[in-house]
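The block underneath contains the structure these notes are about, expressed in structure tokens.
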Amino acid sequence: MKVQPIRSEGSIVFPHQQEEDPLLSSKCVIKEKKKSICSGCFSIKVVIVFLVACLVIACAFFVWLASFIGARQSLKTMSTRLMHTFGDFVFARLDSYFYQFIQVGQELAHDYNTGLLNNISLNMWSKYLMKKHLYTDSFGIGVYMYDGLYAITVNGAPPNTTISFNTQTKFDTRMSTYSVNSTTNAMIPESLRNVSLFNSTAQSFWEESFKLMDSLGTDSVLGDPYYSMVGAYTLHYSTKVFGPVLYEYGLKKVMGIAKVNISLRAIQQFLKQLQLLNTGYVIVAETNNLVIGGSINTTAINPTSRVSIFDLQDRNAGSLMKQIATTYGNLSNTPKLMEVSSMGVGYSVFRDLYTIENIAWNLFIVIETGEIEESINISTGATVGVAVAVAIVGVLVAVLIGHFTTSRLGQLEQQFMKIKMMEFDKVDFVSSMFKEVDNIFLYLREMTVWLNEIKSFLPESVFLQLKSLTAENVQNATKYEVDEIGSTENSSDQHITSKSSRHVSKQKFQETDGNSLFKIGLSLKKCSIIRIHLTNFTKSFTGEEITHLFSKISTGLSSISKTIQANFQTLSVDEYQITISSDFSEVRGKSVNQVALESSLRFLKMIANINETTLNDRGVRINCCIGISSGISLCGNLGSSSFRSFFSVGGAVQNAKTLSTLASELNCHLLADSSTVNEETLPLFVARPVSRLLLEPFLYEKNQSMNVSNIYEVIKENNVEKDEWMYELQQKEVNEKYKEYNSFFLFDRLQQFSNDEDLLEVLKSTCEKMNFYLEKNIEDIAATKLLEVLQYFAKLEVKEYKKCGEPLNQLLFKFHSTLPYTLSNNFHELDYIAVFKSK
């Protein structure tokens with residue numbers, strides 16, 4: 001009988017090979033999940049919801065009906081309380097707004113009366129008044145005396161306003177005006193402008209203030225709104241100021257007034273912030289029916305005039321006030337709470353008198369009755385559909401109870417999914433009031449702690465394959481659901497079980513996929529291989545130091561690998577390999593070449609940091625040599641059911657190892673071949689060519705020949721942020737050195753030379769330049785090696801090259817270096833005897 005091979009887990013296996021030797025296989029057999037007749041047919045949450053909903057609906061019906069009866073009666077009382085409470089709130093807001101101006105005005109008068117402002121400079125006056133002005137955002141503040149003034153004035157109307165400092169003494173014939181520095185609050189002497197003499201006693205605010213003070217018998221008053229000379233309506237708070245000398249002895253000689261201007265527009269903006277329900281609004285007006293402000297539009301079209309409360313257009317407010325005035329004869333004679341209808345709309349209006357200092361204003365709070373009665377209408381409508389409403393509430397309550405009792409089980413399912421993907425740091429362990437569920441989470445945490453300890457022994461390739469598997473499962477699961485839905489549409493009797501059947505099909509898919517979690521076999525991928533060799537790690541450090549440093553190095557490499565989603569392998573204590581494949585190129589957003597170079601430079605920075613911090617006092621530094629090669633490689637899992645591991649096979653692996661060895665020979669930290677440092681990545685990094693090396697082909701199985709590649713030393717990334725121009729200047733000299741060195745590497749420019757004579761002259765000239773370069777950079781081994789090569793070609797004449805039968809540029813192009821591994825015999829004693837006999 002002919003034996004046919006079968007394919008298992010991505011590789012060819014013969015039937016007699018499927019049964020492994022029990023002594024060689026350590027893989028345990030996982031038991032299958034036991035099934036019952038109704039396995040997975042019912043949800044715990046659905047059962048709980050159904051049972052609890054029946055009970056809740058019956059109870060909720062009577063509770064809902066009883067609450068509805070009391071709601072209608074209490075709603076009217078609540079609306080009345082709402083308007084009274086909101087009125088108190090508006091009073092409190094207005095008090096807090098005006099008291100800041102009153103406080104500043106009294107402080108200004110007190111400071112003047114006590115002599116604190118006596119004999120201070122104009123600059124100090126400016127700073128003092130600006131501080132008070134900015135604190136209250138007033139429309140002007142100052143001290144106005146019989147024979148002078150010191151004041152900050154705001155000119156114009158918002159937002160086009162300017163601030164100036166005005167001063168005038170009894171000896172001045174004109175008033176001086178200065179601009180104010182907005183940063184220091186000091187006046188600007190260069191901005192001096194002299195205007196006509198300002199007579200404080202002839203101003204309307206002066207006459208009105210003293211008239212009110214005399215009639216009320218007080219030293220401070222709030223004046224009525226007036227149109228000021230700066231072009232806006234303002235209120236003013238005025239308080240008398242007295243001569244400081246006599247005031248100290250208890251005698252009050254009036255010298256003038258301290259005045260703070262309050263912009264009427266600012267009060268309007270302040271009141272616009274108030275909001276009551278959706279249709280409610282507030283109006284504040286004087287007893288002469290001129291509007292102060294409100295939460296609706298109360299601004300006059302003409303800035304030099306004011307609006308009457310009967311002329312308001314917004315929200316039908318003017319017509320409503322006319323209706324109230326007609327009904328009660330005067331707005332000041334209305335009751336506090338009234339029901340008024342205007343233009344077919346019903347309103348609830350609350351009026352109260354707001355008083356502060358010597359002024360009294362009417363406050364009106366208006367709400368549409370329909371909005372207040374909206375809740376009553378909803379309750380009335382609810383009685384018609386009470387059965388449906390209560391049923392919905394009952395179901396919602398049942399759902400909440402079902403969710404509450406089964407939420408921990410759902411969370412437990414999610415945590416097992418995270419454990420399946422080995423995302424132990426994302427597993428949440430919660431508590432439950434149910435003892436059994438709480439114990440499950442307790443045991444789950446103990447299991448996760450053990451698995452997390454085991455996780456550190458797993459290679460990074462395992463987690464990358466899990467991520468790839470997750471994405472593949474999502475796509476396949478979606479396909480299964482779509483197919484399942486299509487099949488249920490063909491038969492109406494399967495409609496009820498469509499959801500459960502989709503669940504079963506998805507479950508079967510996951511189980512089948514889980515049996516082949518990590519497939520065995522190699523596949524072609526575009527990869528970048530990073531080979532890291534710490535050349536002196538095992539020779540120069542003690543066992544204790546190696547233990548301490550290895551934890552830092554392995555942690556750093558693991559973190560870098562996770563960030564770039566690459567496979568990380570520890571080959572030995574001092575050798576590591578990172579394989580970056582193109583599987584996650586869309587996630588990274590960069591080519592594998594660029595990611596490999598950036599990651600290697602990042603690791604070199606980490607080693608430098610360890611050398612500067614941990615090994616600062618040791619005297620020995622870790623010498624890190626990295627080789628990078630990019631190309632097509634075979635990647636995948638190899639092994640058996642008892643052991644398997646991730647491997648990369650191909651010339652790129654050997655080339656990366658060779659480059660790390662070459663880096664040690666040339667005293668370089670990072671070398672990469674021309675397939676890694678290409679036209680795409682070269683502009684992104686500061687790099688220089690150091691040699692030409694014969695490298696292995698990427699794939700041996702296709703009989704590819706070895707190729708010569710330029711080898712580049714990568715120094716750093718070539719990116720400087722816009723705000724790092726100083727750093728760029730500092731690095732200019734370093735970059736110039738590498739640019740100068742690049743001009744020595746003639747192998748990239750051989751096609752520019754048409755004859756051997758010109759090329760030979762360039763060779764000799766380059767050798768002279770390199771000798772001068774090495775005098776300044778004597779430790780540059782790569783440059784020394786390159787000079788040896790160029791000198792070899794430059795020492796011969798043109799006629800000697802012609803004997804070879806090929807042009808000089810072809811001979812240079814064919815030049816390359818090798819790193820052979822050869823066996824040599826050393827006879828130290830015999831060599832000594834031979835030397836002795838020769839003498």
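Aromatic pair His236/Phe139: ring centres not closer than 6.0 Å. No close placement of the Trp206 and Phe198 rings is indicated, their centers lying 6.0 Å or farther apart.
Asn185 and Tyr128 form no side-chain donor-acceptor contact under 3.5 Å, judged by distance and modelled atom types alone. In the model, Ser348 has a side-chain atom that pairs as donor or acceptor with a side-chain atom of Glu339 under 3.5 Å. Side-chain contact, Ser164 with Thr177: no donor N or O sits under 3.5 Å from an acceptor N or O. Between the side chains of Asp88 and Thr85, no donor-acceptor pair is found at a separation under 3.5 Å. Residues Thr201 and Asn199 have side chains that bring a donor and an acceptor to within less than 3.5 angstrom of each other. Checked by atom type, the side-chain pair Asn261/Tyr237 shows no donor-acceptor distance below 3.5 Å. One side chain, Asn166 or Thr153, offers a donor N or O that lies under 3.5 Å from an acceptor on the other. When only modelled atom types and interatomic distance are considered, Tyr144 and Gln203 share no side-chain donor-acceptor pair under 3.5 Å.
Two residues are said to be in side-chain contact when any heavy atoms from C-beta on lie closer than 4.5 Å; Leu290 and Val307 fail this criterion. At least one side-chain heavy atom of His84 sits less than 4.5 Å from a side-chain heavy atom of Phe350. By the 4.5 Å heavy-atom criterion applied to side chains, Val291 and Asp311 are not counted as neighbours. Contact check for His133 versus Val154: side-chain heavy atoms found under the 4.5 Å cut-off. Side-chain contact check for Asn362 versus Leu353: some heavy-atom pair is nearer than 4.5 Å. Proximity of Thr298 to Arg306: side-chain heavy atoms (C-beta onward) are nowhere separated by under 4.5 Å. For the pair Asp224 and Leu235, the minimum side-chain heavy-atom distance is 4.5 Å or more. Within the 4.5 Å cutoff, side-chain heavy atoms of Ser126 are placed close to those of Val180.
Partner of Lys132 under the side chain to side chain contact (heavy atoms under 4.5 Å, CB included) criterion, chosen from Val260, Ile141, Ile152: Ile141.
Atom CG in Asn297 sits 8.5 Å away from atom CG in Leu312 (nearest 0.5 Å). Atom CD1 of Ile359 is separated from atom OG1 of Thr355 by 8.5 Å, given to the nearest 0.5 angstrom. In this structure, CD1 on Ile309 lies 9.0 Å from CG on Leu320, to the nearest 0.5 angstrom. We find the OH-CG distance between Tyr99 and Leu94 to be 11.0 Å, quoted to the nearest 0.5 Å. Rounded to the nearest 0.5 Å, atoms OG1 (Thr234) and CD1 (Ile262) are 9.0 Å apart. Residue Phe242 holds its CZ atom at 11.0 Å from CE of Met255, rounded to the nearest 0.5 Å.
Across all their heavy atoms, Leu276 and Ile365 have their closest contact at CD2-CG2, 3.5 Å. Residues Ser341 and Gln323 come closest through the heavy atom pair O-CG, 3.7 Å. Closest approach of Ala317 and Ile283 over heavy atoms only: CB-CD1, 3.9 Å. Nearest heavy-atom pair across Lys259 and Ser238 is CG-OG, 3.9 Å. The two residues Met130 and Ile163 have their closest heavy-atom pair at SD-CG2, 3.8 Å. Nearest approach of Arg315 to Thr279, heavy atoms of both residues: NH1-O, 3.1 Å.
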Inset, instruction - In sequence, state the C-alpha distance, the side-chain angles, and the governing distance for Ile257 and Thr239, and then conclude on side-chain contact (heavy atoms from CB on, under 4.5 Å). - result: CA-CA 5 Å; Ile257 59 174; Thr239 181; over 6 Å; no

Legend entry - Phe101/Phe98 under ring pair (Phe, Tyr, Trp, His ring centres under 6.0 Å): CA gap, chis, key distance, verdict: CA-CA 5 Å; Phe101 296 98; Phe98 282 110; 7.0 Å; no

Inset, instruction - Evaluate the criterion side-chain contact (heavy atoms from CB on, under 4.5 Å) for residue pair Ser220 and Lys240; output intermediate values, then yes/no. - result: CA-CA 6 Å; Ser220 60; Lys240 294 179 181 178; over 6 Å; no

Legend entry - Worked verdict on Tyr347 versus Glu368 for side-chain contact (heavy atoms from CB on, under 4.5 Å): CA-CA 4 Å; Tyr347 297 92; Glu368 290 187 9; 3.8 Å; yes

Inset, instruction - Before giving the answer on side-chain contact (heavy atoms from CB on, under 4.5 Å), spell out for Ser295 and Lys272 the whole-Å C-alpha distance, their side-chain angles and the decisive distance to 0.1 Å. - result: CA-CA 4 Å; Ser295 58; Lys272 278 186 178 181; 5.6 Å; no

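No donor-acceptor pair under 3.5 Å is formed between the side chain of Asp352 and the backbone N or O of Tyr354. The main-chain N or O of Thr334 is found under 3.5 Å from a side-chain atom of Arg351 such that the two form a donor-acceptor pair. A donor-acceptor pair is defined here as one N or O able to donate and one able to accept, closer than 3.5 Å; no such pair exists between the side chain of Glu207 and the backbone of Ser204. Side-chain atoms of Ser191 come within 3.5 Å of backbone N or O of Ile188 as a donor-acceptor pair. Of the possible donor and acceptor atoms, one in the side chain of Asn113 sits under 3.5 Å from a partner among the backbone N and O of Ala109. When atom types are taken as modelled, the side chain of Thr167 and the backbone of Ser176 share no donor-acceptor pair closer than 3.5 angstrom.
The aromatic rings of Tyr112 and Trp125 are tilted relative to each other, their planes meeting at an angle between 30° and 60°.
For CD of Glu107, the number of neighbouring non-hydrogen atoms (other residues, nucleotides, ligands) closer than 6.0 Å is greater than 12. Heavy-atom neighbours of Met124 CE from other residues, nucleotides or ligands within 6.0 Å: at or below the threshold of 12. The number of heavy atoms from other shown groups lying within 6.0 Å of OH (Tyr135) does not exceed 12.
Shown here are the salt bridge (Lys or Arg N to Asp or Glu O under 4.0 Å) partners of Lys253, two or more places apart in sequence or in another chain: there are none.
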